[in-house]
Amino acid sequence: MATTAQRRARIQNNERVINSAAEGVVGLSPLVGANVGDLLGAFKTTSKQLIRHPILAAKHSIGLAGKWLEVAYGDAEYQPSGKDRRFADDSWQESGLYRRILQGYLALDQSLEEWVDELDLERIDERQARFIVDVLTDSLAPTNMLFTNPAALKKARATRGGSLIQGARHALSDLRHNNGMPSQVDKSRFKVGENLATTAGAVVFRNEILELIQYKPATTRVHKRPLMVVPPQINKFYVFDLTTEKSLFKFLLEQGNQLFTVSWKNPTAENRDWGMDEYIAALTEAVEAVLAITGQASLNLMGACSGGITSSILSGYMDAIDSDAIHSLTLLVCVLSQVRDDSDITVFASESAIEQARRASHKKGILDGSELARVFSWMRPNDLIWNYVVNNYLMGNKPPAFDILYWNNDTTNLPARLHSDFLNQIQANPLVNSGDLSVLDQPIDLTSVNCDKYLLAGTTDHITPWHACYRSTQFLGGDIRFVLSNSGHIQALVNPPGNARANYFVNPDVPPSHDEWLRGAEQITGSWWEDWASWLAERSDGSIAARKALGRRGAYEPMEAAPGTYVY
């Protein structure tokens with residue numbers, strides 16, 4: 001029987017696994033890709049810088065040798081971070097051999113970091129060099145190899161080799177069915193429509209690009225003005241409708257919202273010519289359907305990540321054609337103003353990388369979601385690769401069964417033209433300057449879109465860093481509420497009330513500097529979901545009696561039950 005301490009440690013480790021893996025989700029980056037050639041190029045650049053400074057190389061090589069001598073004699077005091085669960089096994093401290101192996105690894109890590117510190121590199125080159133060093137040291141961790149992983153050896157002895165046999169089976173299965181990458185989730189435990197995406201509703205409109213799902217009201221009275229959700233194009237919408245305990249949709253319905261969501265079709269090479277024009281035209285039809293079904297003149301619109309970029313453009317298009325259909329706009333973890341050194345992802349967005357990515361998707365017709373997932377996994381190898389190599393292969397365990405990880409691995413594609421349009425956002429940054437982008441022959445000017453806006457970012461988001469999200473407050477029109485959640489990219493979305501550790505920051509003002517905003521912000525305990533629900537209620541034009549029937553007789557009759565067909 002596991003002790004209380006062991007159970008607590010297992011729960012903490014499970015939380016770490018899900019948080020780390022969820023933050024590696026690939027499709028939510030506005031960059032929508034990372035180029036392997038540029039990663040290799042950064043490695044070459046870093047290596048050349050090391051070679052060009054032979055005196056510095058000699059200095060740090062001699063320094064590393066000295067540190068290893070201290071380790072060998074038992075005089076070193078290197079210790080891993082208390083948050084580093086790789087070295088939680090007692091053997092790393094109790095065994096002289098393993099303690100020296102650990103300290104030798106930490107000495108190498110420290111020496112490489114010090115080496116980069118002394119290189120005379122430009123800001124972008126320095127960030128690339130640090131990234132390469134991190135990937136290298138993560139890959140060389142002794143826990144990644146059987147004979148220097150005491151926990152794996154203990155389990156192998158305890159199971160008389162059974163764990164190694166099971167690990168070999170997992171590795172063989174991944175070679176056959178997962179493109180040689182270690183599985184991040186036990187997919188057998190989940191099924192969309194059965195224990196994920198189970199909120200009651202129906203498809204009430206469909207075109208070739210999207211399905212529109214209307215959800216069954218959960219209250220006798222509902223907000224008069226409906227809410228339409230636009231998910232990211234390269235991930236499926238049910239991140240907002242996971243298990244019932246984590247479902248944002250369930251929460252919104254309980255707050256009295258008339259709720260609709262878009263479910264994007266997973267494009268193939270035949271759909272290569274779907275670009276932003278086609279997606280905005282499809283969304284315009286969805287808006288018309290929502291308004292016709294509810295009998296309202298306007299709706300509240302929410303978009304997340306790349307879906308937020310699309311929602312912003314849709315709002316700009318509606319404004320350009322003098323439509324008042326968008327009453328308010330919510331943008332979740334969304335960057336509209338692109339700066340190359342915002343994050344480890346965008347730091348590799350060189351012109352050559354962008355053009356190579358564009359050529360690759362043009363040749364294939366799509367940007368393959370599974371290929372993109374592999375690249376992003378190697379951008380965080382400790383959390384998204386080696387963690388599972390140890391768990392699945394060395395320990396012989398099944399990968400964890402978490403709903404977010406299942407969704408994270410349920411990737412979709414982008415059509416080549418839309419991929420190219422997103423890459424143009426990186427190159428030209430057109431949303432910042434009015435008129436630089438035209439959609440359906442209409443110039444887009446976000447400064448003139450004067451509807452109220454709710455912007456959410458996460459403090460630890462490495463994909464859409466919060467300071468990058470904050471930049472939107474300086475050029476978007478209308479009254480803006482910026483909220484900062486104490487979480488990462490996905491945890492900012494999946495943040496139900498009841499989490500004792502959840503909190504967020506609010507500040508009614510939006511000064512030019514994000515640091516100034518934070519200095520004046522108030523920290524509030526709880527989930528931002530509740531704050532947003534109150535904000536929506538104030539912009540929903542009162543309440544009306546809920547209609548029992550979904551859709552509208554005639555043009556918008558219910559088709560399939562939620563979650564529809566495109567999600568599959």
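Quick caveat: nothing in here was measured; it's all calculated off a predicted structure.
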Would you sort out whether Q258 and L227 count as a side-chain contact (heavy atoms from CB on, under 4.5 Å), showing the intermediate values?
CA-CA 6 Å; Q258 294 192 73; L227 170 66; over 6 Å; no

Assess the residue pair Q184 and N408 against the criterion (side-chain contact (heavy atoms from CB on, under 4.5 Å)); give the C-alpha distance rounded to whole Å, side-chain angles, the decisive distance to 0.1 Å, and a yes or no.
CA-CA 9 Å; Q184 296 178 351; N408 184 39; 3.6 Å; yes

Can you tell whether the side chains of [X] and [Y] come within less than 4.0 Å, N to carboxylate O?
X	Y	result
K265	E211	no
D117	R130	yes
R519	E516	no

At their closest point, which heavy atom of [X] faces which heavy atom of [Y], and how far apart are they?
X	Y	answer
L329	W535	O-CH2, 4.2 Å
D445	S434	OD1-CB, 3.0 Å
V185	Y406	CG2-N, 3.7 Å
Y388	P182	CB-CB, 3.7 Å
V230	S311	CB-OG, 3.3 Å
S438	P443	OG-CA, 3.6 Å

Is the closest side-chain donor-acceptor distance between [X] and [Y] under 3.5 Å?
X	Y	value
T525	N503	no
Y238	D410	yes
D531	Y454	yes
W466	T459	no

Under 3.5 Å, is there a donor-acceptor pair between the side chain of [X] and the main chain of [Y]?
X	Y	value
T412	Q233	yes
W528	A492	yes
S487	G458	no
K453	V449	yes
N195	R189	yes
W407	K236	yes
Q474	V510	yes
N409	L405	yes
D241	S247	no
N413	P267	yes

Can you tell if the side chain of [X] reaches within under 4.5 Å of the side chain of [Y], non-hydrogen atoms only?
X	Y	result
L455	I480	yes
T294	L299	no
L336	L331	yes
V287	M318	yes
W532	L252	yes
L484	W517	yes
L367	F422	no
L414	S361	no

Hey, could you give me the [atom1]/[atom2] distance between [X] and [Y], rounded to the nearest 0.5 Å?
X	Y	atom1	atom2	result
M302	T261	CE	OG1	7.5 Å
D403	L196	CG	CG	6.0 Å
H327	L301	NE2	CG	12.5 Å
T219	N257	OG1	CG	8.5 Å
I326	L314	CD1	CG	5.0 Å
S337	L431	OG	CG	9.0 Å

Evaluate side-chain hydrogen bond (donor to acceptor under 3.5 Å, both in side chains) for N300 paired with S328, printing each intermediate quantity in order.
CA-CA 5 Å; N300 295 316; S328 77; 2.7 Å; yes

Taking the ring centre of each residue, are Y279 and W264 less than 6.0 Å apart?
yes

Quick one, Y215 with V229, criterion side-chain contact (heavy atoms from CB on, under 4.5 Å). Give me CA distance, side-chain angles, the key distance, then yes/no.
CA-CA 12 Å; Y215 288 96; V229 172; over 6 Å; no

So which of F505, F482, F475 actually passes ring pair (Phe, Tyr, Trp, His ring centres under 6.0 Å) with Y470?
F482

Under the criterion side-chain contact (heavy atoms from CB on, under 4.5 Å), I'd like the reasoning laid out for K250 against L259: C-alpha separation, chi angles, the key distance, then a yes or no.
CA-CA 10 Å; K250 179 175 179 290; L259 180 62; over 6 Å; no

